[in-house]
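Take a look at the structure set out below.
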Amino acid sequence: MNRQNISREHYQTYVWFRQAAERGDAYAQFNLGLMYKKGEYIERDYARAYKWLRQAALQGLAFAQNHLGALYYNGRGIEKSDAEAAYWFRHAAEQGDASAQQNLGQMYRKGRGVEQSHDLALAWFYRAAEQGIASAQNLLAECYLYGHGAPVNYPLAMAWFRKAAVHGEPAAQLHLGLMYKRGQGVEASNTQALCWFRQAAAQGDPVAQRQLGVAYAEGLGVRSDPLRAFAWLLRAADKGDKDSQFNLGVMLANGQGVEQDEARALSWYLRAAEQGHMLAQYNLGSMYANGRGVARDEQRALEWYRRAAEQGAPNAQFNLGVIYATGQGVPRNEAQAVQWYRVAAEQGDASAQNNLGVMYSNGQGVAQDDGMAVFWYDQAAEQGHALAQYNLGGMYNSGRGVARDPVRSYMWMLLAADAGDETASANKSIVARRLSPADIGAALDLSRQWQLEHRNLIPRPRAGQ
């Protein structure tokens, strides 16, 4: 090493360590290796760090063994090897090195270099936690929180999280906040949750910053303050937290506590969507489809709807069905429409269920089947979907796919009309003229009973076909 690469005031320290290391002093070898590893006073050089740390490790120095394991784990100065990393972590851990005990626990938890074992992970975390390592205390608490290596035990999880949190571990502070928010092993308290979120957020934890933003937005444990909500979400979003980026997009798109700005909303949705945020992908598709905050672009709308749909977003799957059924920016393809309607319908999307019923009723993209049409209309109608209720009423009126039942037909017409379907409002009187007063009374009773049983439903809008 050339003297010019070392700060003048630390040159003698380097020389002393180098001379002692070359004479075989394990501590000097360790310190010299650490200098090269961290780039302290000299240019960082992982290959030289590996050389000196290995020599110290072979002499049994636990500190060096742990650092050597880290070099193998990260592939710095030597070819990456989980097996070698675990080997050296174990040697150091068995000598009582707390950092190595935590590292070995992580290897067992992840199954890297060793066979995965949550039991052994917990055991090594415990040994490190008992030595006061806050990050190990947090990891041990996670084992009790999620039931990894031990039964779920909220009181023990909270006790270890609290120990780590008091020592300033931000992950533990975040976990404590979440446990108070969810009432896990303790009476739910948004105020207590907020206290711990603040501490973690002050250390820069983006999830805690997001939780603070949500608390201010929704008034959880604090008076609602949209401006503070936006400020905390912005901090987290700038660190790459995709949920915060999505929430900022929502606030800007809807003007919630801030001036509405759809172009900025689009920008935040894009950042979240590129990280795989499903709802951001859907909202981005919607903005391109409707020309909100950006020029209308059917191809980009299709691209983002597809990404969200492939992650399982039923609203995006439904929209893809509509796009293929109507040929919006793509060649019309009824079979593709049926495919997307079906996956959304099977997730309970009422509009998709109704549209799938229409496809079966008309034999579009699938073999015509009145029985299946009735099945899907019924699924959507029971969710309060007005158009499906009207369509189901029509099937009962004509006896298609189901035994003809004018009373039940009129019942569904009444429900559809009450839910706002204009066609049902216009046609229910035509159906009523063919019924006796007793039948009309029976249909009214059935509709009132249905409404009582479904009084908590949010009315479903008419959508799609």
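Source: prediction; values computed, not measured.
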Between CG of Asp205 and CD of Glu169, what distance do you get to the nearest 0.5 Å? 9.5 Å
Under 3.5 Å, side chain of Arg296 to main-chain N/O of Asn290, donor-acceptor pair present? no
How about Trp450 and Gln389: do any of their side-chain heavy atoms sit closer than 4.5 Å? yes
Any Leu145 side-chain heavy atom under 4.5 Å of Gln184 side chain: yes
List the steps and the verdict of side-chain contact (heavy atoms from CB on, under 4.5 Å) for Leu178 and Phe197. CA-CA 8 Å; Leu178 291 172; Phe197 290 149; 3.9 Å; yes
Check for a donor-acceptor pair, side chain of Gln364 on one end and backbone N or O of Glu334 on the other, with a separation under 3.5 Å. no
Would you sort out whether Phe375 and Leu356 count as a side-chain contact (heavy atoms from CB on, under 4.5 Å), showing the intermediate values? CA-CA 10 Å; Phe375 172 82; Leu356 187 56; over 6 Å; no
Would the distance check show the side chain of Gln203 and the main-chain N or O of Gly168 forming a donor-acceptor pair, the cut-off being under 3.5 Å? yes
Taking Gln101 for its side chain and Ala93 for its backbone only, find out whether a donor-acceptor pair lies under 3.5 Å. yes
For the side chain of Arg408 and the backbone of Leu446, is there at least one donor-acceptor N/O pair under 3.5 Å apart? no
For the OH atom of Tyr73 and the NZ atom of Lys80, what is their distance to the nearest 0.5 Å? 7.0 Å
List in chain and number order the residues that pass side-chain hydrogen bond (donor to acceptor under 3.5 Å, both in side chains) with Asn283, two or more places apart in sequence or in another chain; answer none if no residue qualifies. Tyr269
To the nearest 0.5 Å, how far apart are CZ in Arg433 and CD1 in Ile440? 11.0 Å
Just checking Glu453: does its CD atom have more than 12 heavy atoms from other residues, nucleotides or ligands closer to it than 6.0 angstrom? yes
Which atoms form the tightest heavy-atom contact between Gln317 and Ala309, and what is the distance? NE2-O, 3.1 Å
Does any N or O in the side chain of Arg210 come within less than 3.5 Å of the main-chain N or O of Leu233, such that one atom is a donor and the other an acceptor? no
Shortest non-hydrogen contact from Met179 to Val186? O-CG1, 3.9 Å
Please answer whether the main-chain N or O of Ala345 pairs with a side-chain N or O of Gln353 as donor and acceptor at a distance below 3.5 Å. yes
Check against side-chain hydrogen bond (donor to acceptor under 3.5 Å, both in side chains), Gln379 and His385: CA-CA 9 Å; Gln379 294 290 306; His385 193 285; over 6 Å; no
What class does the angle between the rings of His91 and Trp88 fall in, given that below 30° is parallel, 30 to 60° is tilted and above 60° is perpendicular? tilted
Run Phe318 and Trp340 through side-chain contact (heavy atoms from CB on, under 4.5 Å) and show every step you take. CA-CA 6 Å; Phe318 168 74; Trp340 287 112; over 6 Å; no
Where do Met413 and Tyr390 land on the side-chain contact (heavy atoms from CB on, under 4.5 Å) test, with the steps shown first? CA-CA 5 Å; Met413 292 285 184; Tyr390 172 74; 3.5 Å; yes
Rounded distance (nearest 0.5 Å) linking atom NZ of Lys242 with atom CG of Leu279: 10.5 Å
Using the ring of each side chain (for Trp, its six-membered ring), is Trp160 parallel, tilted or perpendicular to Tyr126, with breaks at 30° and 60°? perpendicular
Smallest heavy-atom separation, Arg228 atom then Tyr216 atom, equals NH1-OH, 3.4 Å
Measure across Val407 and Leu435 and return the closest heavy-atom pair with its distance rounded to 0.1 Å. N-CD2, 4.5 Å
Side chain of Gln192, backbone of Glu187: donor and acceptor closer than 3.5 Å? no
Leu139 CG to Gln137 CD distance, which is reported to the nearest 0.5 Å: 10.0 Å
Partner residues of Asn190 under the side-chain hydrogen bond (donor to acceptor under 3.5 Å, both in side chains) criterion, sequence neighbours left out: none
Quick check: closest heavy atoms across Ala215 and Val222, and the distance to 0.1 Å? O-CG1, 3.8 Å
Minimal non-hydrogen separation, Asn354 against Ala388, with atom names: OD1-CA, 3.2 Å
Quick one: does Gln281's side chain have a donor or acceptor within less than 3.5 Å of a partner on Ala273's backbone? yes
Looking only at atom types and distance, does a side-chain atom of Gln275 sit under 3.5 Å from a main-chain N or O of Gly240, one as donor and one as acceptor? yes
